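Following: one structure in structure tokens, then a few remarks.
Keep in mind that what you see is a predicted model, and the values were worked out from it rather than measured. Residue indices begin at 1 and follow the sequence shown. Atoms within a ligand are numbered from 1 in the order they appear, just like the ligands themselves. Worth knowing before you read on, the calculation uses all heavy atoms, side chains too, and leaves out hydrogens, waters and symmetry mates.
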Amino acid sequence: MREQLQAVLDTAKKEILSTNEPSRLEEIRVQYFGKKGELTQILRGMGKLSAEERPVIGSFANEVREELEALYEKRKDELEEEQLQAQIDEELLDVTLDKRTQRIGHRHPLLKTKEELEDLFVEMGFTVVDGPEIDSVENNFDALNSPKNHPSRDLSDTFYIDAETLLRTQTSTMQIRAMNELGAPLRIVSSGRVFRYDDVDDTHSPMFHQFEGLVVDKGISLANLIETINIFVKELFGEDMQVRYRPHYFPFTEPSTEVDVTCLVCRGEGCPACNNTGWSMELLGAGVVHPNVLRNCGIDPDVYSGFAFGMGIDRIAMVKYGIKDIRLLFENDARFLGQF
Ligand code: DAH
């Protein structure tokens with residue numbers, strides 16, 4: 001029996017030390033210490049020993065069991081430790097490792113410009129409203145007091161969908177919608193795409209973007225328009241900007257004006273970009289809302305008056321970012337857009 005115990009001790013020891021698998025270690029435990037395990041069987045057979053042999057073999061058997069149990073516990077701890085370490089290694093997130101650089105998108109220069117314009121007017125108490133690109137001839141021309149024979153109504157200038165419907169040629173449609181829906185008094189800005197039958201070149205596109213504003217209230221005059229535009233231009237381009245108002249004609253305003261600002265390239269000195277005038281031409285169109293337009297929207301021009309203005313967002317973005325060709329804004333070339 002002694003030899004048997006010694007043999008069990010030797011083989012079990014080897015097996016315990018050589019296993020790297022917790023599941024295998026468990027098998028070994030069952031194989032030796034389990035109910036039917038080899039060691040258990042031997043210990044059970046102790047009863048058959050003689051009275052002299054029993055204490056000697058008994059104490060040896062205990063030694064064997066204790067040694068194996070200790071060995072088993074130690075190996076078990078080691079394997080658990082190894083397993084935990086492996087798991088930690090595997091799950092470890094190296095935050096300093098720059099494996100794949102994520103290319104994060106950003107706002108298009110047109111959207112940035114639009115949002116900047118909106119922010120400026122929201123600060124001045126305007127509300128942002130939105131409207132459709134497909135609108136009625138009524139909203140785009142008739143209600144805006146446009147004469148029936150106005151050249152912009154021509155098929156060669158405007159994209160018609162049918163006799164009453166078109167792709168809006170100006171965001172001024174939103175003046176009509178806002179007055180019809182909200183009534184007076186109001187203070188709104190609105191922006192979006194407009195469409196004109198234009199050939200494409202470096203400053204023209206059949207689709208571009210406008211930004212429109214309208215104020216209707218009691219006692220609104222040209223003075224309010226001028227003050228508002230002056231503040232806006234200085235906020236957008238800088239305190240040193242000068243603003244110039246030239247008389248103009250728009251069907252929906254009377255009087256009407258086109259607004260120029262100091263040339264942004266030379267800041268008024270005179271340079272090729274401004275034909276040595278020192279002025280950037282036509283930043284926006286504006287005027288005092290024509291009484292007919294108010295009347296067309298159910299607002300009494302004897303009680304209320306207003307001013308309106310409209311400008312090209314594309315043009316402002318081009319001036320602001322020094323973009324020479326409008327087509328670059330619509331080609332969606334990430335190499336170009338990534339610069340802004
Ligand atoms: N709608 C005009 C255009 O497309 C721009 C404009 C001029 C808008 C005067 C206005 C305004 O609101 O008062 O050329």
Item checked: L225 reachable from L214 in the ILVMFWY side-chain graph, under 4.5 Å edges -> no
Check: According to the side chain to side chain donor-acceptor pair (under 3.5 Å) rule, which pairs have a member within residues 158-168, sequence neighbours left out?
Finding: D162-T165
Considering only distance and modelled atom types, tabulate donor-acceptor pairs under 3.5 Å from the side chains of residues 57-70, sequence neighbours left out.
from, atom 1, to, atom 2, distance (Å)
S59, OG, V56, O, 3.2
E67, OE2, K13, NZ, 3.0

Margin query: For a quick check: using heavy atoms under 4.0 Å, what are the residues in contact with ligand 1, sorted by chain and number?
Written below: Q170, S172, Q175, R196, Q210, E212, F250, F252, T253, G285, A286, G287, A308, F309, G310
Please tabulate, for the side chains in residues 305-314, all donor-acceptor contacts under 3.5 angstrom to protein atoms that are two or more places apart in sequence or on a different chain.
from, atom 1, to, atom 2, distance (Å)
S305, OG, I220, N, 3.0
S305, OG, I220, O, 2.7
D314, OD1, H209, N, 2.6
D314, OD2, H209, ND1, 3.0

Check: Going by distance alone, is a donor N or O of one side chain under 3.5 Å from an acceptor N or O of the other, for Y245 and N230?
Finding: yes
Notebook entry, point to check: Any chance the side chains of N180 and R177 put a donor and an acceptor closer than 3.5 Å?
Noted result: no
